[in-house]
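Remarks on the structure that follows.
No experiment lies behind these values; they were computed from the predicted model shown. Every chain is numbered from 1 and lettered A, B, ... according to where its sequence line falls, protein lines coming before strand lines. Below, each value reflects all heavy atoms present in this structure, side chains not excepted, and no hydrogens, waters or symmetry copies.
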2 protein chains.
Amino acid sequence: MPTPSSPDPAPEMEIVHLLRAVTVELGLHSARFANQNGMHPTDVRALIALMDARRAGEEMTAGRLGAVLGLNSAGTTALVDRLEQAGQVRRVRAERDRRRVVIEVEERAVELGQAFFGPLIERSVELLRAYDERQLAAIRGFLGGVREAAAEGRE
Amino acid sequence: MPTPSSPDPAPEMEIVHLLRAVTVELGLHSARFANQNGMHPTDVRALIALMDARRAGEEMTAGRLGAVLGLNSAGTTALVDRLEQAGQVRRVRAERDRRRVVIEVEERAVELGQAFFGPLIERSVELLRAYDERQLAAIRGFLGGVREAAAEGRE
DNA sequence: CCCTATTATCTCGCTCAGCAAGATACTCGT
DNA sequence: ACGAGTATCTTGCTGAGCGAGATAATAGGG
């Protein structure tokens with residue numbers, strides 16, 4: 001009898017704990033990337049948000065970036081200052097509305113990120129290739145469902 | 001043509017991005033828990049580590065906790081001070097080796113955590129119940145594989 | 001066309017989490 | 001019982017992020 005006092009948890013709990021463990025491990029992985037490049041966790045999150053926006057073809061302004069990261073305006077300015085000084089990002093005043101500052105990632109930062117996260121991403125894609133469409137649908141469904149459940153209650 | 005300049009990425013990338021999105025969303029979820037209770041992200045991570053240890057039936061000392069969270073000894077002391085003052089944790093000098101300080105979570109913190117994370121966990125278990133054993137094996141395999149890949153290069 | 005309300009970013013002063021270095025307290029092998 | 005080793009705590013400091021408010025640009029009603 002492994003844990004005699006516990007009320008025999010559902011077998012699904014194993015996967016729930018596994019998902020949590022993965023998020024912890026990915027967080028530590030990002031932290032290593034931050035350390036190696038003299039950055040802070042928030043800087044990494046910012047770069048990820050910026051690259052997501054770029055891939056989606058959307059402009060990322062200082063304000064939107066701060067909102068995504070949960071920073072106020074002062075913190076956002078400091079963050080962009082830091083990233084700009086490190087040469088990972090540049091400020092571009094918007095032509096149309098010159099109050100807005102569009103943040104663009106430098107090619108340098110993109111390459112840095114790919115060099116570090118590339119192997120992990122490749123390994124993940126490899127793992128997925130071993131599964132059939134029904135299994136992939138399950139993975140998609142589970143992850144999407146958890147994301148939705150976690151996103152609930154965001155004001 | 002959605003993104004004419006991109007080199008047509010593997011369809012598996014969708015799931016990789018989805019996993020990253022889930023980790024971001026879970027991070028924000030934890031941050032909300034921290035905010036609502038006047039805590040900091042590190043405090044939440046500490047409570048999670050403590051409850052994991054408790055479930056595994058292991059003692060968690062100040063030193064081990066600091067190592068898990070990547071804090072040095074000063075930061076660890078400050079962290080435990082904070083949690084103790086908030087009544088979420090108690091210090092217990094070990095009988096055998098009185099240099100060691102075992103950290104135990106107060107029942108109050110466990111209940112707080114279950115009240116907040118319970119619904120999300122329950123929803124996740126529900127999602128999983130919709131899949132057959134072959135699909136669950138795929139989810140386990142993928143998450144476990146990513147965890148292992150991310151854990152590589154941890155000194 | 002000006003004047004006001006609104007929006008977007010930045011500046012200033014501060015708080016507090018976490019770090020480096022070292023002090024303190026306890027244990028164990030010889 | 002003493003010196004090396006281990007676990008935690010103390011001190012002083014750095015810097016990320018916050019609150020409040022300044023600055024700059026736009027949009028709309030008179």
Side-chain angles (χ1 to χ4, degrees), chain A residues 27-28 30-50 53 58-86 88-104, chain B residues 27-28 30-50 53 58-86 88-104:
Chain A
L28 293 175
S30 287
R32 276 194 296 277
F33 174 71
N35 266 349
Q36 284 180 24
N37 298 73
M39 298 166 65
H40 301 266
T42 301
D43 304 42
V44 179
R45 288 173 55 211
L47 286 181
I48 290 174
L50 286 166
E58 289 169 4
E59 279 189 342
M60 184 61 107
T61 65
R64 243 165 63 78
L65 180 62
V68 169
L69 302 178
L71 299 183
N72 74 0
S73 61
T76 304
T77 298
L79 165 70
V80 178
D81 283 352
R82 236 166 16 215
L83 291 174
E84 194 172 43
Q85 216 130 43
Q88 276 147 352
V89 133
R90 62 175 169 272
R91 281 175 161 99
V92 182
R93 280 279 168 189
E95 272 303 300
R96 172 126 79 166
D97 182 344
R98 306 232 311 218
R99 291 169 305 182
R100 304 169 81 223
V101 170
V102 177
I103 318 285
E104 290 174 3
Chain B
L28 292 174
S30 288
R32 278 196 293 278
F33 174 71
N35 267 348
Q36 284 179 24
N37 298 76
M39 297 166 66
H40 301 267
T42 301
D43 305 43
V44 179
R45 289 174 54 213
L47 287 181
I48 290 175
L50 286 166
E58 288 169 3
E59 279 189 342
M60 184 60 107
T61 66
R64 244 165 61 79
L65 181 61
V68 169
L69 301 179
L71 298 183
N72 73 0
S73 61
T76 305
T77 299
L79 165 70
V80 178
D81 283 351
R82 233 165 16 203
L83 291 174
E84 194 171 44
Q85 215 131 42
Q88 277 149 350
V89 132
R90 61 174 169 275
R91 280 176 162 99
V92 182
R93 279 278 168 192
E95 272 303 300
R96 172 125 78 164
D97 182 345
R98 306 237 306 227
R99 291 168 303 181
R100 305 170 79 225
V101 170
V102 177
I103 317 284
E104 290 175 2

Under the 3.5 angstrom rule, does the side chain of R90(B) hit a backbone N or O of E104(B) as a donor-acceptor pair?
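Judged by distance alone, no pair lies under 3.5 Å.
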Flag, side chain of N72(B) to backbone of A74(B), donor-acceptor distance under 3.5 Å:
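The answer is yes, because a donor-acceptor pair under 3.5 Å joins these two groups.
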So, OP1 or OP2 of [N]: does either fall under 4.0 Å of a side-chain N or O from [X]?
| X | N | result |
| --- | --- | --- |
| R82(B) | dC16(C) | no |
| R91(A) | dC10(C) | yes |
| T76(A) | dG17(D) | no |
| T42(B) | dG18(C) | yes |
| N72(B) | dC19(C) | yes |

Side chain to side chain contact (heavy atoms under 4.5 Å, CB included) partner of R64(B), chosen from E59(B), E58(B), R100(B):
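Output: one option passes, namely E58(B).
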Under 4.0 Å, counting only non-hydrogen atoms across every strand here, what does [X] touch: a base, just sugar-phosphate, or nothing?
| X | result |
| --- | --- |
| D97(B) | sugar-phosphate |
| A78(B) | nothing |
| R64(B) | nothing |
| G66(B) | nothing |

Counting heavy atoms from C-beta on, name the nucleotide in dT11(D), dA7(D), dT9(C) closest to the side chain of A62(A).
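That would be dT9(C).
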Which nucleotide wins on minimum distance to the side chain of V101(B), given the candidates dC9(D), dC10(C), dC18(D)?
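Within the option list, the nearest is dC9(D).
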Could a donor-acceptor pair under 3.5 angstrom be found where the side chain of R99(A) meets the base of dT7(C)?
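Check passes, donor-acceptor contact within cut-off.
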To the nearest Å, give me how far apart [atom1] ([X]) and [atom2] ([N]) are.
| X | N | atom1 | atom2 | value |
| --- | --- | --- | --- | --- |
| L71(B) | dC16(C) | CG | C1' | 14 Å |
| D81(A) | dG15(D) | CG | P | 15 Å |
| E95(B) | dC26(C) | CD | C1' | 14 Å |
| M60(B) | dT8(D) | CE | C1' | 16 Å |
| H40(B) | dC18(D) | NE2 | P | 11 Å |
| R98(B) | dC9(D) | CZ | P | 14 Å |
| L79(B) | dC9(D) | CG | C1' | 14 Å |
| L65(B) | dT8(D) | CG | P | 10 Å |

Specify the closest pair of heavy atoms between [X] and [Y], including all atoms of both residues, with the distance to one decimal.
| X | Y | answer |
| --- | --- | --- |
| R91(B) | T77(B) | NH2-O, 3.6 Å |
| A34(B) | P41(B) | CB-N, 4.4 Å |
| A49(A) | L65(A) | CB-CD1, 4.1 Å |

Pairwise 5' ranking along DNA chain D for R96(A) and S73(A), keeping only the more 5' one
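Per heavy-atom nearest nucleotide, the more 5' residue is S73(A).
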